[in-house]
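Below: one structure, written as structure tokens.
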Amino acid sequence: MQEKSSLQDEYIRFLIASIEARKEIELAADQVNIYNQKNQQIKSQIFYMQQEIKELENEIRIKKRYSESTNNYSTIASSLCGDLRAIQSLEQSLSLKKLSSKDLELESSPIFYEPEEFEEIEFKMFSNFLIIGANSEKIEPNISLNPEILYSFPDKNKLPDDAINLIKSLSFPLGLYAHGLKVNESITSQIFEVFYSSHFRDGNSFIFCIKPTSHEKEYDFQDMVNYDKSLLYCCCVVFDDLSSNTFFNTHFIIPKCYCLISYFPCFELHFEILYRLLGLRRTKIVVNEDFLAEAPYMDAEKFFQGEEIGLIEFYYEYDAENSSKPTEVQIILQSVENIDYTFPMDFYFLDKSWLCPIVFSLLNLNDFYYILCALLLEKSIVFVSKNLDAISSCVLGFQSFVMPLLCQCEIIPVASLSQLTSLKYNQKLLAGYPGEFSSSLQSKLSSDVFVKLDECGNKTKLVLNANNKGLFKCINLTYNVIEKIKDYYKLFNERIVYIPDDLQIEAGRKIIEEIQKFIKWVIDEIVGLTDTSKHYDLDEILSNINENTSSCNHEFLGSVASTSAFRLYYHEL
């Protein structure tokens, strides 16, 4: 009891000291706050004025087209020439006018307007946002706790129970554990570390996938991964929080997870939203002593409110102009830095800006090239690490590298052992296992390649099935992609790269472009020798490869041509 009393006394002293410190900070920051508020108001006014200008320009353009269309119609009607081509041109003009404006309806020519052809398709940046953690009344230290959904947005998008259970388990694949405040360390510093920490990418962010439970219409833009909406991405940030168990009358440090679920693979923007939400949470605690005192006792729904709700609602309701490619997202925030994100012109790069830096920094160049070639040949590959960001980035990164070939392996960025062992025999895998590599793991999975990402140094991290050691010989191709990217790749050698600098960003883009050229060369070497108007005939394709390409390319190109991914690509030509 004395120990608990001393802990409580120290916590109360910390709160009093914190309140006094907050008052001093607030006094010192008054002028800064006034300036920031004015600055934010000006930015907001500029943003809305820009929106109004765009709307006015669009309205002028529509009225101009309407005027031209009406004049054309009058001229044609008065001439009575019966020129069919002119009438068809008029119909197209009036129909396009209808497509351009929902508000303007040409009552005199209803026959030209067919609303079913111009039905709007709703574009959503994400489908669900969840806060996942442990029930504060059920927390006990140093035992595995059951994750629960503490908050869900929006209410109308209810996920099936099977999906919810999978999401809860994969949000904490290494287990959910609480631990009490350490009595031999300053209570104040421990609380400060929990509540006042900044949040950015440092291994605490990762992505896992679930299969959709309903069929969704594909995206109109097919130059990006997952355009067919075959996967739902769960973007997660795990952070420490302080929770109080009233039964034990004590405080615990316990992880929580913010999880944003989306078909759209713009990971960089999704995680920027999650980090801003955590920044708003931190700011709320810093400037409000009531929140500081009550935070350990508040449930997630009461805590997640105000500007946080505004941000997640704005992002959910973002209008991408009826499913056309989004170009930018601007979100003005009062308490933290604004969000101003510009999408790449080519959506081939959309997911890679998030995934590639860590992939390039984890693997030496020879291992990287071997894994890329192994995936093109549909070999099973399992990445192993306790770093969830590392395994999920590698799985999704390599899936993306082989585009436009659609990887036919089972894609599981973060997988439990039970998931992996329950797959059908000989099911091809591209998966991440959160744990340590062992001979036991190797014996339980029939993977062709294991990648031990936690191995230190620049030596190989590959563990190969005996049947795949000969692959090194067949990937010595006339197209030497290693030579083309080696100088850029060196910039990622020194340490694991979560946040690339400007040089690494440019180098990463060059590497991606060269990989894209390499994949195109592989496909062109096979397709260019084949009459694609004919039915897929593997024997004919292999014969053409042997007759018309360099002998050192025969085995590799022939093996690629035999894969289900290439067969699917061939049929869609």
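Under a 3.5 Å cut-off, the side chain of Asn135 and the backbone N or O of Glu148 do not form any donor-acceptor pair. Checked by atom type and distance alone, the side chain of Gln504 pairs as donor or acceptor with a backbone atom of Leu491 at under 3.5 Å. Side chain of Ser380 to backbone of Leu429: a donor-acceptor contact under 3.5 angstrom is found. Side-chain N or O atoms of Ser422 include one that pairs as donor or acceptor with a backbone N or O of Gln419 at under 3.5 Å. With hydrogens and angles ignored, the 3.5 Å screen pairs no side-chain donor or acceptor of Ser392 with any backbone N or O of Pro413. The backbone N or O of Gly397 sits nowhere less than 3.5 Å from a side-chain atom of Ser400 that would complete a donor-acceptor pair. Between the side chain of Asn128 and the backbone N or O of Ile261 there is no donor-acceptor pair closer than 3.5 Å. Arg201 places a side-chain N or O within donor-acceptor distance of the main-chain N or O of Trp354, the cut-off being under 3.5 Å. Of the possible polar contacts, one joining the Arg567 side chain to the Ser562 backbone as a donor-acceptor pair under 3.5 Å is found. Put simply, the side chain of Asp240 never gets that close to the backbone of Val194: no donor and acceptor are under 3.5 Å apart.
Tyr489 places none of its side-chain heavy atoms less than 4.5 Å from the side chain of Tyr369. For the pair Leu406/Tyr227, a side-chain contact is recorded, criterion being any heavy-atom separation below 4.5 Å from C-beta on. A 4.5 Å side-chain heavy-atom check between Tyr348 and Pro404 finds every atom pair outside the cut-off. Proximity of Ile391 to Tyr433: side-chain heavy atoms (C-beta onward) are nowhere separated by under 4.5 Å. Under the 4.5 Å side-chain criterion, counting only non-hydrogen atoms from C-beta, Cys234 is not in contact with Leu170. Inter-residue side-chain proximity for Ile132 and Phe172 is flagged as met; some heavy-atom pair is nearer than 4.5 Å.
Summarising the geometry, atom CG belonging to Asn204 is positioned 9.5 Å from atom CG belonging to Asn387; distances are rounded to the nearest 0.5 Å. Atoms SG and NZ, on Cys407 and Lys428 in that order, are 11.5 Å from each other to the nearest 0.5 Å. Atom CE in Met224 sits 5.5 Å away from atom CZ in Phe264 (nearest 0.5 Å). Remark: Ile273 CD1 to Leu277 CG distance equals 7.0 Å, nearest 0.5 Å. Interatomic distance, Ser550 OG to Glu525 CD, rounded to the nearest 0.5 Å: 9.0 Å. For the atom pair Met125 CE and Cys266 SG, the distance stands at 6.5 Å (nearest 0.5 Å).
A salt bridge does not link Glu513 to Lys352: none of the charged nitrogens lies less than 4.0 Å from a carboxylate oxygen. A salt bridge does not link Arg509 with Glu506: every distance from a Lys NZ or Arg NE/NH1/NH2 to an Asp or Glu carboxylate oxygen is 4.0 Å or more. A salt bridge links Arg276 to Glu272: at least one charged side-chain nitrogen sits closer than 4.0 Å to a carboxylate oxygen. The pair Lys386-Glu436 meets the salt-bridge criterion, since a charged nitrogen lies less than 4.0 angstrom from a carboxylate oxygen.
Nearest heavy atoms, Phe450 versus Val384: CD2-CG2, 4.2 Å. Nearest heavy atom pair, residue Leu453 against residue Cys394, reads CD1-SG, 3.9 Å. Contact detail for Ser205 and Val237: the closest heavy-atom pair is OG-CG2, 3.8 Å. When all heavy atoms are compared, the tightest approach of Val560 to Thr563 is O-OG1, 2.7 Å. Scanning all heavy atoms of the two residues, the minimum distance from His270 to Tyr315 falls at ND1-OH, 2.8 Å. Residues Leu423 and Glu410 share a closest heavy-atom pair of CD2-CG, 4.2 Å.
Environment of CG in Asp161: sparse, with no more than 12 heavy atoms of neighbouring residues, nucleotides or ligands closer than 6.0 Å. Atom OH of Tyr488 sits in a sparse spot, with 12 or fewer heavy atoms from other residues, nucleotides or ligands closer than 6.0 Å. In Asn548, the CG atom is crowded: over 12 heavy atoms of neighbouring residues, nucleotides or ligands sit closer than 6.0 Å. Sparse packing is recorded around CD of Glu555, with 12 or fewer heavy atoms of other residues, nucleotides or ligands lying under 6.0 Å away. Enclosure of atom CG in Asn146 is not indicated, since only 12 or fewer non-hydrogen atoms of other residues, nucleotides or ligands lie within 6.0 angstrom.
Within the structure, every pair that satisfies the ring pair (Phe, Tyr, Trp, His ring centres under 6.0 Å) test and touches residues 551-570, not counting sequence neighbours, is listed here: Tyr536-Tyr570.
Residues forming a side chain to side chain contact (heavy atoms under 4.5 Å, CB included) with Ile505 (at least two apart in sequence, or on another chain): Pro500, Asp502. Looking at residues two or more places apart in sequence or on another chain, you find no side-chain hydrogen bond (donor to acceptor under 3.5 Å, both in side chains) involving Asn544.
If you look at Tyr258 and Phe129, their ring centroids are closer than 6.0 Å.
In this structure, Phe401 and Phe360 have parallel ring planes: the angle between them is below the 30° cut-off, well short of the 60° mark.
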Going through the checks in order, is the ring pair (Phe, Tyr, Trp, His ring centres under 6.0 Å) test met by Phe368 and Phe398?
CA-CA 9 Å; Phe368 174 86; Phe398 277 99; 5.3 Å; yes
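Donor-acceptor pairing under 3.5 Å is recorded for the side chains of Thr460 and Asp367. Defined by atom type and a distance below 3.5 Å, a donor-acceptor pair is missing between the side-chain atoms of Ser438 and Ser440. Checking Glu378 against Ser564 by side-chain atom types alone, a donor-acceptor pair falls below 3.5 Å.
The cationic atom of Lys124 (NZ for Lys, CZ for Arg) lies less than 6.0 Å from the six-membered ring centre of Tyr316 and within 45° of the ring axis. Both cation-pi conditions hold for Lys484 and Tyr479: the charged atom is under 6.0 angstrom from the six-membered ring centre and inside a 45 degree cone around its axis. Tyr219 carries Lys229 over the face of its six-membered ring, with the cationic atom under 6.0 Å from the centre and within 45° of the normal.
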